[in-house]
Amino acid sequence: MNEDMLLSLLKKKPEKGLQAAIDKYSGLVYHIAYGKLKNVCVKEDIEELAGDVFFALYENRNSITTQKGGIKAFLCTVTLRKAVDIYRKSCKTAYPISLDDDILIND
């Protein structure tokens, strides 16, 4: 199924279109998320992120067009942005360092 057919299915029959998108792109979404989060998250968190990405696809199905890049581009962009947000939050909470600490200054 090509992008145009999948996009049409998403708009006409959202549940079936979403399932087709999951079947086609879940590996890609998981691969991107895993690549960014493998050192800071457990597998379940990465799977939850993938679910959030496909929910975003479902919510935005009427605004996605092939002129803007299509479904694949949308999924890659949303996955990357969400993964980076999670990574940043994880780094903030895991390693809080004050700017006043002497470890930042190597005399």
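Numbering starts at 1 and runs along the sequence shown. Worth saying up front: this structure is predicted, and the values here are computed from it rather than measured.
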- Does the pair Leu75 and Leu28 meet the rule for a side-chain contact (heavy atoms from CB on, under 4.5 Å), with working shown? CA-CA 9 Å; Leu75 291 172; Leu28 174 66; 5.7 Å; no

- Message: Does Phe54 form a side-chain contact (heavy atoms from CB on, under 4.5 Å) with Ser26? I'd like the steps, not just the answer.
- Response: CA-CA 9 Å; Phe54 284 106; Ser26 61; 4.3 Å; yes

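The 12-atom threshold is exceeded at NZ of Lys24, counting heavy atoms of other residues, nucleotides or ligands nearer than 6.0 Å. Applying the 6.0 Å contact sphere to NZ of Lys11 captures more than 12 heavy atoms from other residues, nucleotides or ligands.
Looking at Thr77, its side chain does come within 3.5 Å of a backbone N or O of Ala73 through a donor-acceptor pair. Formation of a donor-acceptor pair under 3.5 Å by the Arg61 side chain with backbone atoms of Tyr58 is found in this model. Using modelled atom types, one side-chain atom of Asn60 and one backbone atom of Ala56 make a donor-acceptor pair closer than 3.5 Å.
Under the rule for a side chain to side chain donor-acceptor pair (under 3.5 Å), the partners of Glu3 that lie at least two apart in sequence or sit in another chain are Tyr25.
A side-chain contact (heavy atoms from CB on, under 4.5 Å) with Lys82 holds for exactly one of Asp85, Val84, Leu80, Val78; it is Val78. Among Asn2, Asp4, Ile71, the single residue meeting the side-chain contact (heavy atoms from CB on, under 4.5 Å) criterion with Thr66 is Asp4. No option in Thr79, Ile46, Val53, Leu49 other than Ile46 meets the side-chain contact (heavy atoms from CB on, under 4.5 Å) test with Tyr30.
Residues Asp45 and Val40 form no side-chain contact, since every pair of their non-hydrogen atoms from C-beta on lies 4.5 Å or further apart.
Taken from CD1 in Ile32 to CZ in Arg81, the straight-line distance is 12.5 Å, to the nearest 0.5 Å. From Asn62, atom CG reaches atom CG of Leu10 across 9.0 Å, with rounding to the nearest 0.5 Å. Separation of atoms CG (Leu9) and CG (Leu18) is listed at 10.0 Å; rounding is to 0.5 Å. The NZ atom of Lys36 sits 10.5 Å away from the NE2 atom of His31 when rounded to the nearest 0.5 Å.
The hydrophobic clustering, which links ILVMFWY residues whose side-chain heavy atoms are closer than 4.5 Å, places Leu6 and Phe55 apart. A continuous path of ILVMFWY side-chain contacts below 4.5 Å connects Leu7 to Met5, so both sit in one hydrophobic cluster.
What you find for Ala83 and Ala33 is that their closest heavy atoms are CB-CA, 4.5 Å. The heavy-atom pair separating Lys68 from Ser63 by the smallest distance is NZ-O, 3.5 Å. Taking every heavy atom of both residues into account, Leu57 and Ala21 meet most closely at CD2-CB, 3.6 Å.
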